[in-house]
Protein chains: 2
Amino acid sequence: MMKVDEAVGAIETCSSTEELKNTLQGIIEDYGFSSFNMLDAGNPHVDVPFYIGTTPENWVSTYISNGFVHVDPCVARVRRSNTPFSWGDVDVPKYEGTGRKSGAWKTMEAAQDHGFREGFVVPFHYTDPLGRVYSSSSAFYWTDPVKKYRFLLSRKRYDLHLIMIYWAQRAIDIVAEQHRNRQGILEAQQDPRTAITLTDRERDVLSWAARGKTVADTAGILFISESTVETHLRHAIAKLGASNKTHGVVKAIYLGLIDV
Amino acid sequence: MMKVDEAVGAIETCSSTEELKNTLQGIIEDYGFSSFNMLDAGNPHVDVPFYIGTTPENWVSTYISNGFVHVDPCVARVRRSNTPFSWGDVDVPKYEGTGRKSGAWKTMEAAQDHGFREGFVVPFHYTDPLGRVYSSSSAFYWTDPVKKYRFLLSRKRYDLHLIMIYWAQRAIDIVAEQHRNRQGILEAQQDPRTAITLTDRERDVLSWAARGKTVADTAGILFISESTVETHLRHAIAKLGASNKTHGVVKAIYLGLIDV
DNA sequence: ATTCAATCTCCCGATTTTTCGGGACTGGTT
DNA sequence: AACCAGTCCCGAAAAATCGGGAGATTGAAT
């Protein structure tokens, strides 16, 4: 079996989502899983979130058409958790044999019907270069006897976690890069000669401006006069080639010059 | 040397922050590091963030009294990254040899002065059970020759990453539990990502504002009166709970409501 | 020791822009 | 009928922008 650092190395050399998908499929088959998928779990109200995976088409379409994203107990847990878990460990409100089945219950039942006896889910929370936060859910699907799964997991749980973290990261990077290339937002500024450098104070006033503070507020916070804040702000806006405070703040954020 | 799963096992049995601290100190000494710390890196405007670590008291006080939290390039990188890195790989705005030193440069210089030759930083982004998102920065400090560090890292980088993830998680869990006991249960807030819906026009005016356009500019572009643009802007700012145009634009970007 | 450039600090006055509180009319949808 | 999105207006107060100027401090280079 492939070692963890070999697996991660293989993942990190991938340059397309297709390649990435095949690489991971190879790795997890090694461990005994049948397929996997990874989806953006950030927003419960989106019907068809971002998705990559190798699970059979009929399972994907069942999942989507039944709106399981909204009720899947695994996805719900992923949003509030950081530790990997098995399907078997998720507590689904017991079906009492009477009344209506809960959405969570239906989801798990449908997975069983598709031959998935167990699954290993890895939550991954991450920030993009703008500092925006996302959550993703990755699942490995198991079709063999559960007993074998238990044995595997007792020994390889951390390996799987680590591999999935690096895989998810790589997937995000590739998608983000494609998006950047399509939109052409952030080129140009790579040349160190033209690179913009703000002073500490300029960054300070921009950061506070980004948080909605007025000049007067910022002056109070930084313990300097309003005139000084205005001066820093003017210099920063000029350096950034922006046309006003709002534009300056947005540019600074996109260039990674300030955090908010 | 302790195996990874043993280390993680040891971490997961800890029940107090003190115990946790000692456990990790033992583990990293095994790897050759001198000390470590972990701090909340959520936002750059907090003076004394949550902190646990074993770094010498004089380094901690230097770090705090100089306000390095605000300018530390490692912390800045952690906020927008998910992959571990070494201090040596952080690009500090080159010191041009003239004028003042930037805060980032001063921070790295001070670390050197305290005998830290290298460091390994692990970002960790996580959600608590209420769905709130945090970022933490963990650093392992190295005082031996750098060459030995490079060698260690080439072989143990993933082990260190994994250990730190589980450690950070355990630290958060313990602190959260103590906090709950003291303060009672905090109510979960609505996820702002799903709660706010802007109308098409509101998004339009915000997008143009993000590009630096004034109300008059936007009115010309959208072919509507200035009054209308103002109205849309006011509504958008109110919906976003922002305090002015700049704040509104920043919030909208972070919530993924507008693209620029 | 001197010079130099960058940074940080502060002020003035005039103009432009934003912000805030109202209100009002239209055209769809539910 | 009620609601929402979109459109438009008024007036006054608050804030930002612009283009100057100017002294203090700092760290590096000659």
Side-chain angles (χ1 to χ4, degrees), chain A residues 195-252 257, chain B residues 66-67 70-71 92-110 113 196-251 257:
Chain A
I196 295 164
T197 51
L198 298 178
T199 69
D200 289 346
R201 270 326 205 194
E202 285 159 358
R203 256 181 286 112
D204 284 343
V205 296
L206 275 185
S207 300
W208 285 113
R211 298 167 83 81
K213 304 300 178 194
T214 66
V215 169
D217 293 338
T218 306
I221 292 164
L222 297 178
F223 232 76
I224 55 181
S225 84
E226 297 188 22
S227 311
T228 309
V229 175
E230 277 175 24
T231 306
H232 288 313
L233 215 36
R234 246 184 299 149
H235 288 165
I237 291 169
K239 279 187 183 176
L240 289 160
S243 48
N244 56 38
K245 192 171 73 169
T246 303
H247 196 196
V249 165
V250 170
K251 273 198 156 190
L257 299 173
Chain B
N66 288 62
H70 306 302
V71 291
V92 180
K94 277 185 295 296
Y95 182 46
E96 302 288 353
T98 143
R100 288 191 187 176
K101 292 174 183 171
S102 72
W105 184 210
K106 277 190 205 161
T107 309
M108 299 311 268
E109 210 175 36
D113 290 346
I196 297 168
T197 50
L198 297 178
T199 69
D200 289 349
R201 274 319 208 193
E202 284 160 358
R203 258 182 282 114
D204 285 342
V205 298
L206 275 183
S207 297
W208 286 113
R211 292 170 196 150
K213 304 301 179 193
T214 65
V215 169
D217 293 337
T218 305
I221 292 165
L222 298 179
F223 230 75
I224 53 180
S225 85
E226 297 187 22
S227 313
T228 310
V229 175
E230 277 175 25
T231 307
H232 289 315
L233 215 36
R234 246 185 299 153
H235 289 165
I237 290 168
K239 280 185 184 176
L240 290 160
S243 48
N244 56 39
K245 192 172 72 170
T246 303
H247 196 196
V249 166
V250 171
K251 274 198 156 188
L257 299 173

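First the proteins, then the strands, lettered A, B, ... as listed; each starts at 1. Bear in mind that the values here come from a model prediction, so they are computed numbers and not experimental data.
As judged by a 4.0 angstrom heavy-atom cut-off over every strand, A/E226 is placed among residues making no nucleic acid contact. Contact annotation for B/T228: base contact, defined as any heavy-atom pair under 4.0 Å involving a base atom. Using a 4.0 Å heavy-atom distance criterion, B/S227 is classed as a base contact. Within the 4.0 angstrom heavy-atom criterion, no nucleotide atom of any strand lies near B/H235.
Atoms NZ and CG, on B/K106 and A/D200 in that order, are 7.0 Å from each other to the nearest 0.5 Å.
Separating the CG atom of A/L206 from the C1' atom of D/dA16 is a distance of 14 Å, rounded to the nearest angstrom. Note: CH2 (B/W105) to P (D/dA28) measures 9 Å, nearest angstrom. We find that CD of B/E202 is positioned 13 Å from C1' of D/dT7, with the value rounded to whole Å. Whole-Å rounding puts the B/R234 CZ to D/dA5 P distance at 16 Å. Between B/K245 atom NZ and C/dT16 atom P there is a gap of 16 Å when expressed in whole angstrom units. As rounded to whole Å, 8 Å separates atom P of C/dT18 from atom CG of B/L233. The separation between B/I224 atom CD1 and D/dA5 atom C1' is 12 Å, rounded to whole Å.
A heavy-atom distance below 4.5 Å is not found between the side chains of A/V205 and A/H235. Here the side chains of B/W208 and B/V229 are not in contact, with every heavy-atom distance at 4.5 Å or above.
At a cut-off of 3.5 angstrom, the base of D/dC8 holds at least one donor-acceptor pair with the side chain of B/T231.
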Worked check of side chain to side chain donor-acceptor pair (under 3.5 Å) between B/D217 and B/T214: CA-CA 5 Å; B/D217 293 337; B/T214 65; 3.3 Å; yes

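Here B/S225 reaches the OP1 or OP2 of D/dC9: one of its side-chain N or O atoms lies under 4.0 Å away.
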